[in-house]
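Worksheet for the structure shown next.
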Amino acid sequence: MHDIKLIRDNPKVLDNGLERRNLPPQAAEVVKLDAERRAIQTQLQEMLARRNELSKQIGYMKRSGGDATELTEEVAKLKTLVPALEDEELVAAEKIDKLLSTLPNVPADDVPYGKDEKANLELRKVGEPRRMNSAKEHYDIGEKLKLMDFDNAAKMSGARFTILKGQLAQLERALGNFMLDVHTRDFGYTEISPPLMVRPEMMFGTGQFPKFSDDQFSTYAGYASIPTAVAKNWANDGDIRVAPPLWLIPTAEVPLTNIVYDSIVEAESLPYRFVARTPCFRAEAGAAGRDTRGMIRQHQFYKVELVSITTPEQSNAEHDRMTDAAETILKKLEIPFRTVLLCTGDIGFSAKKTYDIEAWLPGQNAYREISSCSNCGDFQARRMKARFRAKGDKNTQFLHTLNGSGVAVGRALIAVLENYQQDDGSVLIPSALKPYMGGLEKITL
RNA sequence: GGAUGGGUGGCCGAGCGGUUUAAGGCACCGGUCUUGAAAACCGGCGUGGGUGAAAGCUCACCGUGAGUUCGAAUCUCACCCCAUCCGCCA
């Protein structure tokens, strides 16, 4: 959410940001709607002030036994005007709120301009891709080992689901455990086991709502009082008050960040660092036909997520620190990767600046995203009403929030399979994972 | 699913139609005292908005939304949320 005062004083900042994101300018419209709302508000407030004044006088007259008829009549006249103006004010406020809530964050100044991912800036490459004779893709490796079952998963749940078995299921668990240990032990993150279903307000707070509700799964069970028709249409007016009651999280970023929803924290206690391994649920509505084979893009996958809550002064350094934590996972797994700075056309709705970490996948002969670390500045904090108070300061300020995958477990599994595959179809276990696999050296048929 | 109780400022908690301009306490900030601190005492202190150069003036907010009234934290209705007990259940 944007600071309306900032837009009012300096509309260029918003429009430049939108332009850099390849979106049309909106500041003029925002300023216009804001002016309209304030004009109505001022008019209404003058009327209410007069009403309050008269009511006070009436009370005084009645107590002292005077005649208040004349005053009562004047208030009655005012009363016919107030409701209409109140309605106007509500409509005007909703108009501007609706527009503001759909505008993305302004990219940081050091984010390069670009139309799409082709303009992303490669910052560094770590590790040399291993030479292989004929690299297989992860699904071939998994199916050959008979430990990855797409057919039965489709029977149960449809496309974009996978059944992992035996040592592959164990590998998935091992990866998550390993990542949690690194982040808690080496980087000071506090492990959290959060709810996987959240209220719509939380989804608004982190920026999924109202714009990206199509990508989310909602739940109704136990809440039959919500009419389905209303629930289905709620997104049309974007009013979260009539949204379905609980939503499956698309990432642990949602519950971890919303820990500070509607709160005021002490500056000295910052930064907060939270880590969680959770399932993530995504409708993948806009991704029809993309990555249909294998488990690259699923409706459900595990991810280890990092979230930091900081003061404005801390957030840039924290962003680098978080990215380092995510990179450390791949370094320890000895999986080649590169880190790119996303261009303005590729960063997410809530982000000011984002680093993507892409793991090398020999089977695809390409780098594929395995982590995304974003600094959201105060954008989410405004939506969440998440503030802090500096010691001795009367006023509150909005927090800064950051989130990053540390890393996506499902894709890490793919990366391990493809990078550690052997010509005979077996897969070596990365040495960092051996303790988590009971000392197992490799997975064979 | 059934029953009951409850949602008031950063926190606790009173208020149940008009000196409430939301009591009181805690926390916090400033001051007095003190070698320093604590205690005590004095003072300040909710959030968001409008207007203004500023001081200030002003509006809204007591879970949310309607309603009654000249006037609502207070009365009425609906809804949401929380807690406890029972039922069911991992």
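Everything quoted here is computed from the prediction, not taken from an experiment. What's counted below: heavy atoms across the whole structure, side chains too, no hydrogens, waters or symmetry copies. Letters A, B, ... mirror the listed sequences (proteins, then strands); counts begin at 1.
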**Report entry** NZ/NE/NH1/NH2 to OD/OE distance under 4.0 Å, A:Glu284 and A:Arg282
**Finding:** no
**Report entry** Nucleotide B:G49, atom P - distance to CG of A:Asp97 in whole Å
**Finding:** 12 Å
Query raised in the report: Using the ring of each side chain (for Trp, its six-membered ring), is A:His299 parallel, tilted or perpendicular to A:Phe161, with breaks at 30° and 60°?
Result: tilted
Query raised in the report: Does NZ or CZ of A:Arg20 lie under 6.0 Å from the centre of the six-membered ring of A:Tyr113, at an angle within 45° of the ring axis?
Result: no
Requested in this report: For B:G17 versus B:C70, give the span between their C1' atoms, rounded off to a whole number of Å.
Outcome: 12 Å
Query - Separation of B:C80 C1' from A:Glu201 CD (nearest whole Å) - result: 9 Å
Query - Comparing A:Ile264 and A:Arg50 on RNA chain B - which has the more 5′ nearest nucleotide - result: A:Ile264
Requested in this report: Before accepting this row, confirm whether a basic side-chain N of the pair A:Lys12/A:Asp15 lies closer than 4.0 Å to the acidic partner's carboxylate O.
Outcome: no
Query - Modelled atom types, side-chain donor and acceptor of A:Gln298 and A:Thr162, under 3.5 Å - result: yes
Query raised in the report: With rounding to whole Å, what would you report as the distance between B:C28 and B:C33 at their P atoms?
Result: 22 Å
**Report entry** Nucleotide paired to B:A3 in any strand shown, Watson-Crick or G-U, under 3.5 Å
**Finding:** B:U84
Requested in this report: Take atom CD of A:Glu46 and atom C1' of B:G49, then tell me their distance rounded to the nearest Å.
Outcome: 15 Å
Report task. Let me know the distance between CD of A:Glu266 and P of B:C28, rounded to the nearest Å. Result -> 9 Å
Query raised in the report: Does B:U51 have OP1 or OP2 sitting under 4.0 Å from an N or O in the side chain of A:Arg38?
Result: yes
Report summary line: As its Watson-Crick or G-U partner within any shown strand, both distances under 3.5 Å, B:C11 has B:G25
Report task. Give the nucleotide from the list B:A60, B:U47, B:G50 with an atom nearest to the side chain of A:Lys5. Result -> B:G50
Query - Rounded distance in Å between the P positions of B:A3 and B:A90 - result: 25 Å
Query - Among B:C59, B:U47, B:G49, the one nearest A:Leu48 by side-chain distance - result: B:C59
Query - For atom CG of A:Leu246 and atom P of B:C80, their distance in whole Å - result: 13 Å
Requested in this report: Could you tell me whether the side chains of A:Ser374 and A:Lys353 share a donor-acceptor contact shorter than 3.5 Å?
Outcome: no
Report summary line: The Watson-Crick or G-U wobble partner of B:A60, with both key distances under 3.5 Å, is B:U47
Query - C1' atoms of B:C62 and B:U8, separation to the nearest Å - result: 4 Å
Query raised in the report: Across the strands shown, which category fits A:Arg382 at heavy-atom distances under 4.0 angstrom: base, sugar-phosphate, nothing?
Result: nothing
Requested in this report: Find the partner of B:U69: check Watson-Crick (N1-N3 plus N6-O4 or O6-N4) and G-U wobble (N1-O2, O6-N3) distances, both under 3.5 Å, and reply none if neither fits.
Outcome: none
**Report entry** Pairwise P distance for B:A66 and B:C29, with rounding to whole Å
**Finding:** 41 Å
Report task. Can you tell me the distance, in whole Å, between the CE atom of A:Met47 and the C1' atom of B:C70? Result -> 16 Å
Query raised in the report: Considering only B:C81, B:G10, B:U51, which nucleotide approaches the side chain of A:Arg199 most closely?
Result: B:C81
Report task. Take A:Ile4 and A:Leu90, find for each the nucleotide of RNA chain B with the closest heavy atom, and name the residue whose nucleotide sits nearer the 5' end. Result -> A:Ile4
Query raised in the report: Can you tell me if the side-chain N/O atoms of A:Arg387 get under 4.0 Å from OP1 or OP2 in B:G46?
Result: no
Query - A:Arg8 side-chain N/O to B:G49 phosphate OP1/OP2 under 4.0 Å - result: no
Query raised in the report: Starting at CD of A:Glu88 and ending at C1' of B:A60, how long is that distance when rounded to a whole Å?
Result: 18 Å
Query - Between B:G7 and B:G63 - C1' atom distance, rounded Å - result: 6 Å
Report task. Pick the P atom in B:U19 and in B:U74, then give their distance to the nearest Å. Result -> 15 Å
Report summary line: From CG of A:Asp262 across to P of B:C81 the rounded distance in Å is 16 Å
Query raised in the report: Do the side chain of A:Glu253 and the main chain of A:Ile249 share a donor and acceptor less than 3.5 angstrom apart?
Result: no
Query - Pairwise P distance for B:C12 and B:A27, with rounding to whole Å - result: 15 Å
